[in-house]
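Only one structure is covered here, and it is reproduced in the block below.
Proteins come first, then strands; the chains are lettered A, B, ... in the order of their sequence lines, and each starts at number 1. What you are looking at is a predicted structure, and each value in this text was computed from that prediction instead of being measured.
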Protein chains: 2
Amino acid sequence: MPTRSPALGFVDGLVQLSFLVQSVLAKAAARHDLTVPQVRLLGILRDREPGMVQLARYLGLDKSSVTGLVDRAERRGLVQRDADVDDGRGIRVSSTALGRQLTEQVSAEIGAQVVALGSSLSAADKRMLTRLVGQILTTQDSAPGP
Amino acid sequence: MPTRSPALGFVDGLVQLSFLVQSVLAKAAARHDLTVPQVRLLGILRDREPGMVQLARYLGLDKSSVTGLVDRAERRGLVQRDADVDDGRGIRVSSTALGRQLTEQVSAEIGAQVVALGSSLSAADKRMLTRLVGQILTTQDSAPGP
DNA sequence: TATTGTTATACTCTATAACTATA
DNA sequence: TATAGTTATAGAGTATAACAATA
């Protein structure tokens, strides 16, 4: 039961919504012993095999932070490092079969729960919201990845 | 310049938007040597003087996590602990003058930057988006605080 | 020299479990 | 006994600075 509804404005609405969505992500991740950054990592690796520097760019993190992120995922058998055949200094990070399987599970749960957030909206309202959000995202750009 | 725009759906749109808004929050906070949890703490204390347990409930954190959060804010002179006159076990956390001043600065910056996110939307579209977001938020509830 | 990746270090955030003091 | 708050401990996430190996 709602306690009260002060009719939020544009700013507070978007800020609160971001916390709501992030909490959905965090809880879905936690159910599989993951964290939001780990889920982002796995999401990026769905269709890419980047090096550490590229990965850092996708995630908006320092490369030294990505080392730890990949270390922990690798320790769990979710990703792997392979030598880059074109560059003796580089490596390629990719999902393992286990990692891909987990990614699909978590993504499905997140999808279902985010859809549920919009369950009070009509189909037309959902289309409208999707359009408006898309407009914001395409206007900005290099918004942090999936 | 946008690299490409694959026309995101409802789920990916909301997820990416949440990361975009969170990155606005994190950067605004960082400009004042704060973190997002610190900004949330200060936001809550704008109009409340809660105890640690209440604070933990507002933030959705364990009370032991809040101890550290308040410790660090107190060390910087942004908040203070005072004995609860009604309960010998309890304390009341409140913003200091410095904390309130910082809160207003950071809030103003966040507001301006979130408004800027919507700069490509017409006034009508902004109203529409605000309404749709508000509907999602009031439907759920006990969405994590300011 | 520049780039790729890792290491060393330090700090914030978070939780669990155990503890103290008060109710 | 139950509640308010802290402490001890552990681990994830992050950045900066320094480093090794390769380009």
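Heavy atoms of A/Arg92 sit nowhere under 4.0 angstrom from any nucleic acid atom.
Here the nucleotide nearest the side chain of A/Arg89, chosen from D/dG5, C/dT3, D/dT14, is C/dT3. Set against D/dA15, C/dT14, C/dT6, the side chain of A/Ile91 has C/dT6 as its closest nucleotide. Which of C/dT6, D/dA4, C/dA15 sits closest to the side chain of A/Thr67 comes down to C/dT6. When each of D/dT16, C/dT14, D/dA4 is scored by its nearest atom to the side-chain atoms of B/Leu61, the top-ranked nucleotide is C/dT14.
For C/dT16, the base has a donor-acceptor partner in the side chain of B/Ser64 [N/O atoms by modelled type, under 3.5 angstrom].
Nucleotide C/dA23 holds its C1' atom 12 Å from the CG atom of B/Asp84, rounded to whole Å. One atom, CG of A/Asp62, and another, P of C/dT4, lie 13 Å apart when rounded to the nearest Å. Taking atom CD of residue B/Glu74 and atom P of nucleotide D/dG5, one finds them 13 Å apart after rounding to whole Å. As a whole-Å value, the separation of B/Asp33 CG from D/dA15 P is 14 Å. The distance between atom CZ of B/Arg72 and atom P of D/dT7, rounded to the nearest whole Å, is 13 Å. In this structure, B/Leu25 places its CG atom 20 Å from P of C/dT12, rounding to the nearest Å. Computed from coordinates, the B/Gln22 CD to D/dT14 P distance equals 12 Å when rounded to whole Å. Per the geometry, NZ belonging to A/Lys63 stands 13 Å off P belonging to C/dT7, to the nearest Å.
Note that the CD atom of A/Gln54 and the CG atom of A/Leu59 stand 11.5 Å from one another [nearest 0.5 Å]. Atom CZ of residue B/Arg31 and atom CD of residue B/Gln113 lie 4.5 Å apart, to the nearest 0.5 angstrom.
A residue-by-residue look at A/Met52 and B/Asp86 shows that A/Met52 has its nearest nucleotide of DNA chain C further toward the 5' end. For B/Asp87 and A/Gly68, each mapped to the nucleotide of DNA chain D holding its nearest heavy atom, the one lying further toward the 5' end belongs to B/Asp87.
Between B/Arg81 and D/dG5 there is no side-chain polar atom (N or O) within less than 4.0 angstrom of OP1 or OP2.
The side-chain heavy atoms of B/Ile91 and B/Asp84, taken from C-beta on, include no pair separated by under 4.5 Å.
Remark: B/Arg40 fails to qualify as a cation-pi partner of B/Tyr58 under the 6.0 Å distance and 45° angle criteria applied to the six-membered ring.
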side-chain hydrogen bond (donor to acceptor under 3.5 Å, both in side chains) between B/Ser18 and A/Gln22, worked out: CA-CA 7 Å; B/Ser18 79; A/Gln22 290 286 315; 2.9 Å; yes
